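Read the numbers this way: they start at 1 and go in the same order the structure lists the ligands and their atoms. Not measured: the values here are computed from a predicted model.
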Amino acid sequence: MTSPDTPRLAAITARLRERGYRITPQRLAILRVLAESPDHPTVETVYRRLLPDIPDLSLATVYKTIAALKACGEVLELQFSDRDNRYDAARPEPHPHLICQGCGAVADPELPGVEAMAKALARATGYSILTHRLDFFGLCPKCQIKRDKPDQASPPDPSEKK
Ligand SMILES: [Zn+2]
Ligand SMILES: [Zn+2]
């Protein structure tokens with residue numbers, strides 16, 4: 001909890017303070033998880049990650065902190081009809097996502113050209129584009145191994161097979 005702020009965490013806390021939010025130690029811990037987790041955690045995930053360090057943390061505090069981030073435009077919320085919302089405070093601007101239908105992993109693919117597509121669409125239609133959402137659904141490499149070999153309890157990490 002004493003590690004120095006990353007640039008993104010510093011930007012988030014500055015923005016919240018500007019808007020009159022108090023940065024309590026609990027809020028800071030929540031913001032740190034949200035700003036530094038590449039896996040797009042749910043509210044529950046953030047809560048469970050922090051509970052060992054902050055036993056008196058409440059789920060409501062996590063919800064309220066995310067609401068503050070949303071009010072400041074500093075988090076991207078991904079809503080789903082069949083699963084819990086996921087949050088990306090590392091990259092609050094709209095960007096495409098890869099979503100595993102097996103384990104629920106959510107990743108940020110490098111996909112150039114999306115912004116250009118939005119601009120071209122605005123030009124072609126006369127719409128002013130405010131935001132966009134592009135999700136790719138499928139099975140991550142680990143879940144593909146599980147599907148092909150269901151007996152194999154823990155598939156090897158593909159990055160170790162060199
Ligand atoms: Zn998966
Ligand atoms: Zn993302």
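- Computed with the Zn ion (ligand 2) at the centre, the His95 NE2 to Asp108 OD1 angle is 90°, stated to 10 degrees.
- For the pair Lys119 and Glu115, the salt-bridge criterion is not met [side-chain N within less than 4.0 Å of a carboxylate O].
- In terms of modelled atom types and a separation under 3.5 Å, the side chain of His97 and the main chain of Val106 share no donor-acceptor contact.
- Counting only distance, with no hydrogens or angles, the side chain of Arg8 and the backbone of Ala89 share a donor-acceptor pair below 3.5 Å.
- Put simply, the angle at the Zn ion (ligand 2) from NE2 in His97 to NE2 in His40 is close to 90°, to the nearest 10°.
- For the pair Arg133 and Phe80, the distance from NZ or CZ to the six-membered ring centre is under 6.0 Å and the angle to the ring normal is within 45 degrees.
- Note on the Zn ion (ligand 1): protein N, O or S atoms under 2.8 Å away count 4, no waters included.
- Donor-acceptor pairing under 3.5 Å is lacking for the side chains of His95 and Glu110.
- If you check the side chains of Arg86 and Thr45, you find no donor sitting under 3.5 Å from an acceptor.
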Report the C-alpha separation of Arg83 and Gln101 in whole Å, then their side-chain angles, then the decisive distance to 0.1 Å, and conclude whether the side chain to side chain contact (heavy atoms under 4.5 Å, CB included) test is met. CA-CA 10 Å; Arg83 59 180 79 224; Gln101 299 283 59; 3.5 Å; yes
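- Restricting Asp88 to its N/O/S atoms, the shortest distance to the Zn ion (ligand 2) is reached by OD2.
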